[in-house]
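This report concerns only the one structure given below.
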Amino acid sequence: MDENYDVIVLGTGLTECILSGLLSVDGKKVLHMDRNDYYGGESASLNLTQLYTKFRPGQSPPEELGRDRDWNVDLIPKFMMANGEIVRFLTHTDVTKYLEFKQISGSYVYRSGKIAKVPANEREALSSSLMGIFEKRRMKKFLEWVQNVKDEDPSTHQGINVNQQTMTEVYAKFGLDAGTQDFIGHAMALHLDDNYLKEPARETVEKIKLYAASVLRYGKSPYIYPLYGLGDLPQAFARLSAVYGGTYMLDKPVTEFIYDDSGKVTGVKSGDEIVHAKQVICDPSYASSKVRKTGSVVRAICLLKHPIPNTEDIDSVQIVIPQNQIGRKHDVYVACVSSAHMVCAKDYYLAIVSTIVETDNPEQEIQTGLNLLGPIHEKFVSVSPLEEPIENGTNDQVFISKSYDATSHFETVCDDVHDLWKRITGEPLVLKKRNEEEAA
Ligand SMILES: *[C@@H]1O[C@H](CO)[C@@H](O)[C@H](O)[C@H]1NC(C)=O
């Protein structure tokens, strides 16, 4: 470890690995360390033994669950929008050559006590059970407008200026009711709250276009997911790092950050060794004095022996329960994968239900999600703090990521990667043209 590195990255979570990959491709020499003897940190995928060690200390996994190596259980499951930013990061770094993907078979939303597929185009809108007959036609007109609206062609605007008019005004123009707005805003545009209603419509229109284009790419849903679980991402980035002369080291606890007189970081201490670099990037757990808690997230990892009811027996699905539908301030997410994704033994399904905690009884808050699953074979519930950096890192050159929120997609992780990149380099992250074409 006596070489000189440009950047030291601590923790092999998703955000850190993506950044480390982007920096490597940009020509930086990166040393990446993790205190654990496995990849992934908070966002690791665990085998059966690791899963039981974490949630049921002293208890071994029941024999009926089969072999350890058949299980790769994501602690924080996330699906990738096929045309989304995460896929652009993966193609830009070329880490895709170490990964295999499979599509997620459905994207569902909860409305008035039932779940149904999110309609991605005009045809699906007309056959959707989410809306009554007149609302379906209004939804069809709305989706047609979203698909066709182009800045340079005023004949497509239908009298709406997306830079000025708010989404509330757009919904009113098409006459869409509150329940329809819920699933458009939360299951298609993937907004985390309803602040978007008061903002210019452009961002939401673009998010819906992205959703629809991602569905078109593979057909069944806008989402894809890596075979063997998200834990394969850090390993793929570790292989990529080696190509660029970087180093990944596991089982390396960091005891101390070293600073110069002006308070800028100059390296970190691990055991008896000190490694030097001008910048340190880490997840909140490596810099507890520099982060603040903003809330908590509750997650229930559930093992099922059947597909989720009312989803036409598909092998994988995302279900969004919009906050308004159940009188909450945060959405509840359900992400389900199965042995088709090489994450559990044959005939098992893994469903994770999550949300941001609002009360003293977090498990009760995800009950609507748990109720959708049918009989639950085994359940592991955890509540984790949500943390974010107090400072932006300019002063000490220590750049800290945010904890993973409750979402079951990558949008907020990608926002954090962009934010970190700007703080670290002083420039916005712009990916090269070539990769946009590849991803198109
Ligand atoms: C970081 O925060 C400092 C104040 O501590 C501010 O002056 C600076 O503009 C911020 N930099 C960025 C990139 O946001």
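Numbering of ligands and ligand atoms starts at 1, following listing order. Predicted, not measured: the structure shown is a model, and the values here were computed from it. We're numbering straight along the sequence, starting at 1.
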**Message:** Check Asp151 with Arg202, please: is the shortest side-chain N to carboxylate O separation under 4.0 Å?
**Reply:** yes
Tell me whether [X] contacts the main-chain N or O of [Y] through its side chain, where contact means a donor paired with an acceptor under 3.5 Å.
X	Y	value
Ser316	Ser105	yes
Gln279	Ile424	yes
Ser214	Asn83	yes

**Prompt:** Identify the closest protein heavy atom to atom 10 (C) of ligand 1: which residue and atom is it, and at what distance?
**Reply:**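 The closest heavy atom on the protein side is Asn392 ND2, 2.4 Å.
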**Message:** If we count only non-hydrogen protein atoms and require a distance under 4.0 Å, does atom 4 (C) of ligand 1 qualify as touching the protein?
**Reply:** no
**Request:** Return a yes/no value: protein heavy atom under 4.0 Å from atom 7 (O) of ligand 1?
**Result:** no
